[in-house]
Amino acid sequence: MLKPEEVTQAIQKEIQKYDTKLQMESVGYVLQVGDGIARVYGLDEVMAGELVLFPDQTVGLVLNLEPNNVGVVILGPDRNIKEGDEVKRTGRIAEVPVGPALSGRVISPIGEPLDGKGPIAATKFRPVEAIPPSVIQRQPVKEPLQTGIKAIDSMIPIGRGQRELIIGDRQTGKTAILVDTILNQKETGVHCIYVAIGQKLSSIVALVQLLEKNGAMEYTTIVSASSEDPAPLQFLAPYAGCAIGEEYLYSKKHALVMYDDLSKHAVAYRQLSLLLQRPPGREAFPGDVFYLHSRLLERAAKLRDDLGGGSLTALPIIETQLGDISAYIPTNVISITDGQIYLESDLFYAGVRPAINVGLSVSRVGGNAQTKAMKQVAGMLRLSLAQYRELVAFAQLSTDLDKATQDQLARGERMVEILKQDILQPIPFERQVMIIFACNEGLLDDIPVSKLKDLEPKLYAFVEKNYPDVEHWIREKKALSDELKTKLTDAIRKFKGQF
């Protein structure tokens, strides 16, 4: 039995603890809604880029702050939002979950899981928009990021912390380069983030299955804003992917983020800007479309060693129309990045794959991001290939060619053949060095061009079996000594004798 005085004491204690809390909530009301945009009245204290909540729990992102209303883009369907609805502030800037919990996951730009594997157990969030590292915090790009593609690693090398643009018409193998690069990061500790912007859902699903089949999903995160997603999500996607990569950058690790592709990103942003009634400029893009991409790509960096030495490498894609790289968005992005890989339809249809135009492709970080061994064998490769292309055009007009020209044509033809590579077959750096060395030294000049495709895998197998230390030395020393060159030449000659 409870005694009456015990009850009164308990009640007194509770009364003493009772405290009236006045909770202030900043709310506004929808003035008009349509096309994924809501005009909201009354959110006087709201921040630019803040998330707001509509009654049906749909999230909105504040983009325009005007004298008498706020322009909100709706991150989801706007069917259930109507005039007069109450809109609440969340006090949070748009952010995305980051960290190891995202490995192997497919998420939306606002961090919702799309792969049916349950909720994301992330403990940390990062804002999607962040200030890039300053000049003082960076160091020059000097460490290679191997793509496993011979033509790229030898002539247009990519370094950790670099921004290299991949540009070309549709169906020229741009995404294929990204997929090969992801597969090649298997043992390197580089975390990959693939951002799909405005692509068909079927393509994204196919890509996920391909990566899962090749065991690459365990170190990859996919941020998906497909073509059926509203423009605001497509606009947010690359920033979300970048924020996920920045978590690795600032925790002394390495990440590679790919934006596929920024042309569709600019189109989504143009749609938002026009609906928010911002003034249009060239090709109806808003005036800040350059800033749109520069603030994204400047976040790629290689940090100083005393800040952890982490890196974030960016590989944006731009799709051109009929090879026009001097259009508005392509020139913008070319001027922001540290080089471009230009893929050409004519080469692609002629069977040169990857269809890289050596003349127009360049890496502005270049040799700094190459190992010494690759520099030794591929130093003059671009020049000789460009000369070969010119000679081919010239040789079509002429009938009798002198011996030196014929030799140069034969060598060039073999070089082009050697640099061809099938998709999903990235080649380790030491093997690339071997095959390019063989071609450069003229050791393949007497082999018919049609046989080179067969020769390559057999040569690798032969060297691995009979000269196992050669690959090991190239991998460890990352340079070719005279002794090693002699040994390699020996190995290739012996192999040719039995091939």
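Just so you know, these numbers use all the heavy atoms, side chains as well, and skip hydrogens, waters and symmetry mates.
Formation of a donor-acceptor pair under 3.5 Å by the Ser203 side chain with backbone atoms of Gln199 is not found in this model. Without hydrogens or angle criteria, Lys478 side chain to Arg475 main chain gives a donor-acceptor distance under 3.5 Å. Judged by distance alone, the side chain of Asp169 and the main-chain N or O of Ser345 form no donor-acceptor pair under 3.5 Å. Under a 3.5 Å cut-off, the side chain of Ser263 and the backbone N or O of Ile318 do not form any donor-acceptor pair. In this structure a side-chain-to-backbone donor-acceptor pair under 3.5 Å is present from Thr221 to Leu102. Side-chain atoms of Arg160 do not come within 3.5 Å of backbone N or O of Ser311 as any donor-acceptor pair. Counting only distance, with no hydrogens or angles, the side chain of Glu456 and the backbone of Leu452 share no donor-acceptor pair below 3.5 Å. At distances below 3.5 Å, not a single donor-acceptor pair connects side-chain atoms of Glu483 with backbone N or O atoms of Lys487. At least one donor-acceptor pair closer than 3.5 Å links the side chain of Asp115 to the backbone N or O of Val106. Glu164 places no side-chain N or O within 3.5 Å of a backbone atom of Leu315 that could act as its donor or acceptor partner.
Note on ring orientation: taking the six-membered ring where Trp is involved, the planes of Phe462 and Tyr467 are tilted (angle from 30° to 60°).
For Glu298, the CD atom counts as densely surrounded, since its 6.0 Å shell holds more than 12 non-hydrogen atoms of other residues, nucleotides or ligands. No more than 12 heavy atoms of other residues, nucleotides or ligands shown are found within 6.0 angstrom of CD on Glu187. Counting non-hydrogen atoms of neighbouring residues, nucleotides and ligands closer than 6.0 angstrom, the CZ atom of Phe394 reaches no more than 12 such neighbours. Counting non-hydrogen atoms of other residues, nucleotides and ligands closer than 6.0 Å to NZ of Lys465 gives a total of 12 or fewer. The local environment of NZ in Lys485 is crowded, with over 12 non-hydrogen atoms from other residues, nucleotides or ligands closer than 6.0 Å. Annotation for Leu409: atom CG counts as buried by contact number, over 12 foreign heavy atoms lying within 6.0 Å. Remark: Arg364 CZ is packed, more than 12 non-hydrogen atoms of other residues, nucleotides or ligands lying under 6.0 Å away. At most 12 heavy atoms of other shown residues, nucleotides or ligands fall within 6.0 angstrom of atom NZ in Lys253.
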Next item on the list: Start with the C-alpha gap between Tyr194 and Leu207, add the side-chain angles, then the distance that decides, and say whether side-chain contact (heavy atoms from CB on, under 4.5 Å) holds.
Entry: CA-CA 10 Å; Tyr194 177 87; Leu207 180 92; 3.5 Å; yes
Item checked: Residue pair Arg431, Glu471: steps toward the salt bridge (charged side-chain N to carboxylate O under 4.0 Å, His left out) verdict -> CA-CA 7 Å; Arg431 293 189 165 182; Glu471 281 193 14; 3.1 Å; yes
Margin query: Would Glu417 and Lys451 count as a salt bridge (charged side-chain N to carboxylate O under 4.0 Å, His left out) here? Give the steps.
Written below: CA-CA 10 Å; Glu417 191 61 34; Lys451 293 261 175 72; over 6 Å; no
Item checked: Chi angles and distances behind the side-chain contact (heavy atoms from CB on, under 4.5 Å) call for Ile436, Met374 -> CA-CA 9 Å; Ile436 294 171; Met374 187 57 93; 4.3 Å; yes
Next item on the list: Would you sort out whether Lys420 and Val352 count as a side-chain contact (heavy atoms from CB on, under 4.5 Å), showing the intermediate values?
Entry: CA-CA 6 Å; Lys420 288 182 188 173; Val352 179; 4.1 Å; yes
Checklist line | Audit row: Lys117, Glu212, salt bridge (charged side-chain N to carboxylate O under 4.0 Å, His left out) steps and yes/no | finding: CA-CA 14 Å; Lys117 293 182 183 170; Glu212 271 176 350; 3.5 Å; yes
Notebook entry, point to check: Between His265 and Tyr239, does a ring-ring contact (aromatic ring centres under 6.0 Å, His included) hold up when you go through it step by step?
Noted result: CA-CA 11 Å; His265 181 234; Tyr239 300 102; 5.7 Å; yes
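Ion pairing between a basic and an acidic side chain is recognised when a charged N comes within 4.0 Å of a carboxylate O; Lys403 and Asp407 show such pairing. Of the charged side-chain nitrogens involved, none lies within less than 4.0 Å of a carboxylate oxygen, so that Asp288 and Arg295 do not count as a salt-bridged pair. Under 4.0 Å is where a charged nitrogen must lie from a carboxylate oxygen, and between Lys477 and Glu430 no such pair does. Salt-bridge annotation for Lys174 and Glu344: absent, with no side-chain N of the basic residue lying under 4.0 Å from a carboxylate O of the acidic one.
Looking at residues two or more places apart in sequence or on another chain, you find a side-chain contact (heavy atoms from CB on, under 4.5 Å) between Asp402 and Ala404, Thr405. In terms of the side-chain contact (heavy atoms from CB on, under 4.5 Å) criterion, Gln171 has no residue partners (sequence neighbours excluded). In this structure, the side-chain contact (heavy atoms from CB on, under 4.5 Å) partners of Ala130, at least two apart in sequence or on a different chain, are Glu246, Arg299.
Leu61 approaches Gly49 most closely through the heavy-atom pair CD1-O, 3.4 Å. Across every non-hydrogen atom of Ala255 and Ile193, the tightest pair is CB-CD1, 4.2 Å. Closest of all the heavy-atom pairs between Ala266 and Val289 is CB-CG2, 4.2 Å.
Using modelled atom types, one finds no donor on one side chain facing an acceptor on the other under 3.5 Å when comparing Ser227 with Asp229. Counting only N and O atoms by type, the side chains of Gln139 and Asp305 include a donor and acceptor under 3.5 Å apart. Using a 3.5 Å distance cut-off with no hydrogens or angles, the side chains of Ser384 and Gln387 do not pair a donor with an acceptor. Judged purely by distance below 3.5 Å, without hydrogens or angles, the side chains of Gln432 and Asp153 pair a donor atom with an acceptor atom.
For the pair Arg105 and Pro113, the minimum side-chain heavy-atom distance is below 4.5 Å. For the pair Ile204 and Ser226, the minimum side-chain heavy-atom distance is below 4.5 Å.
The cationic group of Arg353 lies under 6.0 Å from the six-membered ring centre of Phe348 and within 45° of the ring axis, placing it in a cation-pi geometry.
In this structure, Tyr219 has its ring center no closer than 6.0 Å to that of His191.
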